[in-house]
Every structure is written in structure tokens, then in C-alpha cells.
Amino acid sequence: MRKPLAQLQKLLRLLCHPLMLVLVSLAGILAAGRVEHEWLSVPFSLALVAVVAGTLFLATSRLAFSAYLAWMIVGVLTLISAIKFRMKGFSLHFYDTVFVSRDPEVYRFLVGSYLHLILPVVMALALGIAAAILIFRADRKLGWPVSVRAVILAVPVTLVPLTFPAEASKDRYFYYMQGRHMSAFFVSLMDLRNLVVEPAFEQRLQAVAPQPPFADTVDCGDQATLPDIFFVLSESQSDPANFPRSPRVRDFYSASPPKPAKRTRCRSKPLAAAPGSPICH
């Protein structure tokens with residue numbers, strides 16, 4: 001029993017050696033380039049790791065523990081983001097924890113359909129927690145004052161906005177579809193503003209006076225032969241400027257002159273699920 005414990009303590013001392021920290025960090029930098037699929041967003045990702053490590057170091061004064069736990073936290077988020085991107089084509093977003101986590105039915109669906117993907121993540125998380133506890137116990141506190149540790153944390157915090165990806169500044173929605181597994185979740189934190197601040201468009205929409213409903217004069221044929229499910233594609237939408245009954249619609253689309261109203265027509269197309277059934281557009 002003593003021999004395995006001695007070997008474990010030796011391994012932990014090796015992991016806490018500064019040279020080992022440098023090697024692990026270099027491996028993390030190389031891995032960041034692969035999971036981000038380009039190097040332009042890697043400085044931002046590394047700055048995030050440094051912020052997490054600096055925060056932990058400020059709280060614990062343990063350098064090795066802080067560095068390893070920072071890589072573990074970002075690594076787990078990266079793994080989850082990569083799995084989601086592979087399944088859905090969209091990286092991990094903070095909204096996933098806001099909306100999805102509050103629905104019990106989602107948990108049942110995920111466990112029932114994707115248990116083979118959840119188990120490896122859970123196992124990696126458990127191993128990471130166990131390793132972090134062992135490293136915490138083996139790592140020695142540094143006698144650096146709080147002011148020094150705060151200055152160390154301030155450096156990566158300053159680098160975060162300076163290294164923020166330019167492509168995420170223009171249109172963050174498309175950034176989540178580029179496979180930026182390491183940085184996407186942290187970039188999505190910028191969208192937190194949408195949860196507390198009402199969009200300007202919504203404010204202007206609420207200011208519009210209620211309008212009378214449009215007359216239902218469209219004839220789609222015999223209702224008994226219509227399908228039960230209608231697919232309305234985005235290209236089927238019409239410019240609100242086509243509807244002159246809304247007097248304030250030009251306030252929203254002032255850049256576009258009003259267009260003449262178009263007639264709504266009914267076409268019949270074969271539906272894959274029900275051959276011969278008409279679809280009304």
C-alpha cells in the first residue's frame with residue numbers, strides 16, 4: 001500500500017514542477033489551434049485560460065493547481081462544444097444553460113438519446129475533479145501577497161478585450177457555426193445583454209398602434225384534402241411594406257420604399273409524407 005502512495009506522491013510532485021507546467025501549457029496552446037480551426041482566435045482563448053488560472057491563483061495562492069484546473073475547466077467546455085457542434089453544427093452557447101437546463105424533458109431526451117456521448121464527458125469531469133483535489137493537496141502555497149496576485153490577474157483580464165476575435169464582433173451568430181470550440185462559449189457571454197435589455201426593434205414594435213386583422217379571403221381549396229402539417233419557409237415571408245394597412249410600417253423599413261401589394265396565391269405540390277396532398281403558400 002505504501003509503494004503505490006509513494007509513486008502517486010512522486011507523480012504529483014512531478015506535475016507541480018514548473019517545467020511540467022510549461023510543457024502542459026505548450027501542449028494546450030497546440031491543442032487550442034486545432035480545436036479553434038484557426039490561429040486568429042487562439043490568443044483570445046489563451047487569455048481566457050489565463051484569466052481563469054489567475055482568478056484561482058488569487059483565491060488559493062497555488063500556482064500548479066490554478067493552472068491545471070483552468071485548463072480542465074476550459075477543456076471540458078471545449079469538449080462539450082465540440083460534441084454539440086458535431087451533432088448540431090452550432091457551438092456551445094450560454095443560452096444552452098439558461099433555457100435548456102430549466103426543462104426536465106430535455107434531460108430525459110438527452111439521457112435517452114445521447115447517453116453514449118454524455119458518459120465520456122461525465123467520466124472526464126469526474127477524473128478531472130479527482131486530479132484537481134490531489135494536485136491541490138500536493139501543491140504548496142506561494143507566499144506572494146494578494147496585491148501581486150491581483151496584478152498578475154489584471155494582465156490577462158486586460159488582454160481579453162484586446163484579443164477579442166474580430167469576426168465575433170461583426171456577427172456573433174455565424175461565429176458559433178465556424179467550429180471555434182474553445183472560445184465560442186465565452187464569446188456567447190456577450191449575448192447576456194439580450195436577456196436584460198429590450199432590443200430597440202422590440203421597443204418600436206410595441207409602440208405601433210393595434211391594427212385590424214386582414215380579411216381571410218385566400219382560397220386554398222377543399223379543407224378536407226389539405227395536409228395536417230404546413231411548412232412555412234423563410235423565403236415565403238413577405239416584406240411588411242407590401243401591406244399598406246399598417247400606417248407605421250415604413251418607420252421600420254424607412255430605407256425601403258413601399259412596394260405594390262402582391263396577391264397571395266395557392267399552389268399544390270406533392271408532400272413527401274403524403275403524396276398528392278397540396279401545400280398552400
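Atom set for the values below is all heavy atoms of this structure, side chains included, hydrogens, waters and symmetry mates excluded. Quick caveat: nothing in here was measured; it's all calculated off a predicted structure.
Residues Leu153 and Gly54 share a closest heavy-atom pair of CD1-C, 3.6 Å. When all heavy atoms are compared, the tightest approach of Leu21 to Ala67 is CD2-CB, 4.2 Å. Nearest heavy atom pair, residue Thr60 against residue Ser66, reads OG1-OG, 3.5 Å. Listed here is the closest heavy atom pair of Val42 and Gly33: CG2-CA, 3.8 Å. Of all heavy-atom pairs between Ala32 and Met182, the closest is CB-SD, 3.4 Å. Of all heavy-atom pairs between Gln211 and Ala209, the closest is NE2-O, 2.9 Å.
Under a cut-off of 6.0 angstrom, the local environment of CG in Asp228 is sparse, with at most 12 non-hydrogen atoms contributed by other residues, nucleotides or ligands.
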Any chance you could lay out the side-chain contact (heavy atoms from CB on, under 4.5 Å) test for Tyr176 and Phe85, step after step, and finish with the verdict? CA-CA 9 Å; Tyr176 307 131; Phe85 184 85; over 6 Å; no
Checking side-chain contact (heavy atoms from CB on, under 4.5 Å) for the pair Gln206/Glu202: CA distance, chi angles, key distance, verdict? CA-CA 6 Å; Gln206 291 178 354; Glu202 187 174 342; 3.6 Å; yes
Applying side-chain contact (heavy atoms from CB on, under 4.5 Å) to Leu26 and Leu30, what does each step give before you reach the verdict? CA-CA 6 Å; Leu26 289 176; Leu30 295 176; 5.8 Å; no
Pair Lys84-Ser91, side-chain contact (heavy atoms from CB on, under 4.5 Å): steps then yes or no: CA-CA 6 Å; Lys84 182 189 173 185; Ser91 296; over 6 Å; no
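Using modelled atom types, no side-chain atom of Ser81 and backbone atom of Leu77 make a donor-acceptor pair closer than 3.5 Å. At distances below 3.5 Å, not a single donor-acceptor pair connects side-chain atoms of Tyr175 with backbone N or O atoms of Val187. Of the possible donor and acceptor atoms, one in the side chain of Ser188 sits under 3.5 Å from a partner among the backbone N and O of Phe94. Formation of a donor-acceptor pair under 3.5 Å by the Ser61 side chain with backbone atoms of Phe57 is not found in this model. Checking side-chain atoms of Arg62 against main-chain N and O of Lys141 turns up no donor-acceptor pair under 3.5 Å. Judged by distance alone, with hydrogens and angles left aside, the side-chain atoms of Tyr68 form no donor-acceptor pair with the main-chain N or O of Ala131 at under 3.5 Å.
For the pairing with Arg180, the side chain to side chain donor-acceptor pair (under 3.5 Å) check across Glu36, His37, Glu167 returns one residue only, Glu167.
Arg137 is not listed as a side-chain neighbour of Leu12, based on a closest heavy-atom distance of 4.5 Å or more. With contacts defined as side-chain heavy-atom distances shorter than 4.5 Å, the pair Val74/Leu48 does not qualify. Residues Ile135 and Cys16 meet the side-chain proximity criterion, which asks for heavy atoms closer than 4.5 Å. Taking 4.5 Å as the limit, every side-chain heavy atom of Phe185 sits out of range of all side-chain heavy atoms of Ile80.
The aromatic rings of Tyr173 and Phe90 are tilted relative to each other, their planes meeting at an angle between 30° and 60°.
In this structure, CD1 in Ile73 is found 10.0 Å from CG in Leu125, a value given to the nearest 0.5 Å. Atom CG of residue Leu63 and atom CG of residue Leu142 lie 6.0 Å apart, to the nearest 0.5 angstrom. In this structure, the separation between NE2 on His17 and CG on Leu19 is 6.0 Å, given to the nearest 0.5 Å. We find the CG-NE2 distance between Leu189 and His93 to be 8.5 Å, quoted to the nearest 0.5 Å. A distance of 10.0 Å separates CG of Leu15 from CG of Leu134, quoted to the nearest 0.5 Å. Put simply, CG on Leu92 and NE2 on His181 are 11.0 Å apart, with the number rounded to the nearest 0.5 Å.
Phe186 and Val160 fall within the same hydrophobic cluster, defined by Ile, Leu, Val, Met, Phe, Trp and Tyr side-chain heavy atoms under 4.5 Å apart, directly or through other members. Clustering ILVMFWY residues whenever any of their side-chain heavy atoms sit less than 4.5 angstrom apart, transitively, puts Leu127 in a cluster other than the one holding Phe136. Cluster annotation: Phe109 is connected to Leu117 through the hydrophobic network of ILVMFWY side chains, with a link wherever side-chain heavy atoms come within less than 4.5 Å. Taken together through direct or relayed side-chain contacts under 4.5 Å among Ile, Leu, Val, Met, Phe, Trp and Tyr, Val76 and Ile118 form part of one hydrophobic cluster. Linking Ile, Leu, Val, Met, Phe, Trp and Tyr residues whenever their side-chain heavy atoms come within less than 4.5 Å places Trp39 and Val35 in a single cluster.
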